[in-house]
*Asks:* 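I'd like to ask some things about the structure below.
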Amino acid sequence: MSFIGDYQRESKRQTERSRCLHYAKGARCDELISAHSIQSKGQLSLIAERGHVYRVGADISLLRRTQGLPQLIKVGVNKASTFAGFCKHHDNELFEPIDNFPFEPVKHQVALYAYRCLCREYFVKENALVLADKMKDHPELSTSQKASLKETWMGHGLGFAPLHQQKVHYDQALLNRDYEKFRFTCFTSSEPCNVQMSGLLYPDYDFSGQLLQDLLERRSALDLITFFTAPMREGWAFVFAWHVSSNQTCEPFIQSLDSKVANGEKLQDALLRFTLSCCENHAIRVSWWDGLDGSSKDAAISRIHLMTHPHIPVPASYLVSGCEGIANWAFDGEHTALC
Ligand SMILES: [Zn+2]
């Protein structure tokens with residue numbers, strides 16, 4: 001009985017364990033499907049080349065081969081970003097306005113994208129919690145390995161509480177169709193898009209390195225920001241969105257980005273740094289990545305490594321600088337809804 005083999009099998013089992021995370025889940029949930037968290041029709045087709053994109057590979061057996069360094073792996077778009085987190089009925093009904101129409105910077109659409117980001121994270125974190133729970137007493141593990149995995153399991157449990165709290169806020173707002181509960185800032189670009197992503201973050205430090213909230217102190221309720229790219233009628237958008245209950249952290253977070261840009265930082269550099277640092281769910285255009293020079297690739301990979309490594313401390317200044325000159329996206333518009 002090999003630990004790695006069992007771990008991989010259990011991980012796959014969790015990923016394929018369909019469930020419906022819709023706020024009104026219940027009797028009306030029908031067949032479960034694999035929903036795209038980065039929608040396939042619009043978003044991935046913008047960057048896919050011959051049906052493929054790059055994803056960051058952090059699979060346990062891959063990391064063993066690369067001494068822990070993340071690598072980009074070419075995957076088919078159908079496998080690029082799926083999660084079985086909604087039944088077909090609820091997926092079609094809820095996300096119809098964003099799956100079948102281009103993104104517009106209005107609260108209804110923003111709320112749906114943000115909800116999908118949140119539910120995907122919920123799905124992934126719930127899986128991680130169950131996986132660590134099932135594996136922590138594996139007979140092949142030494143006593144210290146068991147203790148370490150038990151610590152991971154407890155960490156996942158603590159991390160899940162604020163996410164669950166946020167889902168309660170989002171569920172309530174969507175159930176009541178109260179899209180006014182959402183705030184956002186969106187940057188638009190008419191240039192080709194090279195990176196598609198969606199995710200969320202409990203902002204700890206802002207773009208100037210100032211502390212916004214101490215993630216270790218307030219574990220049961222943390223302010224949360226979601227972020228995603230979305231295809232527009234002309235071009236695409238990079239969006240930050242949050243529930244009004246997270247205003248206290250998210251407003252100054254966005255203000256710090258705006259003031260960095262007002263003081264000369266290039267927006268595309270700041271957003272790529274943010275994406276590489278904070279997003280676990282990317283899809284990257286193959287020809288763009290292949291065309292980067294070696295030092296740009298190294299800078300991007302080592303940034304991802306820094307942020308995903310469990311034992312390297314992340315500096316307070318992680319959003320202040322780094323990864324400049326890699327992104328070639330230019331942004332030409334900004335829309336905000338801060339009230
Ligand atoms: Zn359902």
Side-chain angles (χ1 to χ4, degrees), residues 10-45 77-103 106-131 133-134 156-157 159-182 184 196-200 224 226-231 239 241-246 280-281 283:
E10 187 56 39
S11 175
K12 188 162 184 287
R13 191 175 305 144
Q14 290 307 319
T15 306
E16 291 171 354
R17 185 168 60 91
S18 303
R19 69 213 92 146
C20 185
L21 297 175
H22 190 274
Y23 55 84
K25 66 176 183 290
R28 289 167 70 214
C29 293
D30 57 14
E31 59 184 300
L32 291 158
I33 57 158
S34 171
H36 284 84
S37 54
I38 299 178
Q39 68 188 98
S40 63
K41 267 181 285 182
Q43 278 177 290
L44 284 177
S45 66
V77 285
N78 293 333
K79 290 189 174 169
S81 176
T82 56
F83 81 117
F86 290 102
C87 74
K88 192 172 179 183
H89 166 72
H90 281 134
D91 189 56
N92 288 345
E93 180 189 69
L94 183 63
F95 297 115
E96 203 266 342
I98 59 172
D99 281 344
N100 294 333
F101 297 91
F103 176 73
V106 295
K107 285 189 174 175
H108 182 195
Q109 284 214 3
V110 167
L112 295 177
Y113 272 101
Y115 190 61
R116 189 145 62 183
C117 290
L118 182 95
C119 288
R120 178 187 180 276
E121 184 77 0
Y122 195 93
F123 183 85
V124 169
K125 288 293 185 292
E126 195 171 61
N127 291 349
L129 186 61
V130 176
L131 178 64
D133 183 30
K134 292 202 168 178
H156 285 320
F160 198 63
L163 189 62
H164 184 77
Q165 181 62 45
Q166 287 286 338
K167 189 165 184 301
V168 171
H169 289 314
Y170 279 57
D171 281 352
Q172 191 69 30
L174 283 152
L175 177 67
N176 297 328
R177 297 175 190 270
D178 188 3
Y179 309 121
E180 289 303 315
K181 285 281 192 298
F182 289 88
F184 70 89
Q196 291 286 355
M197 52 91 193
S198 71
L200 51 78
L224 179 86
T226 66
F227 48 88
F228 53 87
T229 47
V239 187
W242 62 95
H243 185 271
V244 66
S245 59
S246 289
E280 295 172 0
N281 189 31

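Order of appearance sets the numbers: ligands from 1, and atoms from 1 within every ligand. This chain uses plain numbering: 1 for the first residue, then up along the sequence.
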*Asks:* Got a sec: is C29 within less than 2.8 Å of the Zn ion (ligand 1) via an N/O/S atom?
*Replies:* yes

*Asks:* Return the orientation label for the H22 and H90 ring planes: parallel under 30°, perpendicular over 60°, tilted otherwise.
*Replies:* parallel

*Asks:* Give, rounded to 10 degrees, the angle between SG (C20) and SG (C87) as seen from the Zn ion (ligand 1).
*Replies:* 120°

*Asks:* Going by side chain to side chain contact (heavy atoms under 4.5 Å, CB included), name the residues that satisfy it together with Q109, two or more places apart in sequence or in a different chain.
*Replies:* I98, F101, F103, V106, Y113

*Asks:* Specify which N/O/S atom of H90 comes nearest to the Zn ion (ligand 1), by atom name.
*Replies:* ND1

*Asks:* Compute both the distance and the angle, then confirm whether R116 meets the cation-pi test with F95: under 6.0 Å from the six-membered ring centre, within 45 degrees of the axis.
*Replies:* yes

*Asks:* Taking only residues two or more places apart in sequence or in another chain, which ones pass ring-ring contact (aromatic ring centres under 6.0 Å, His included) with H156?
*Replies:* none

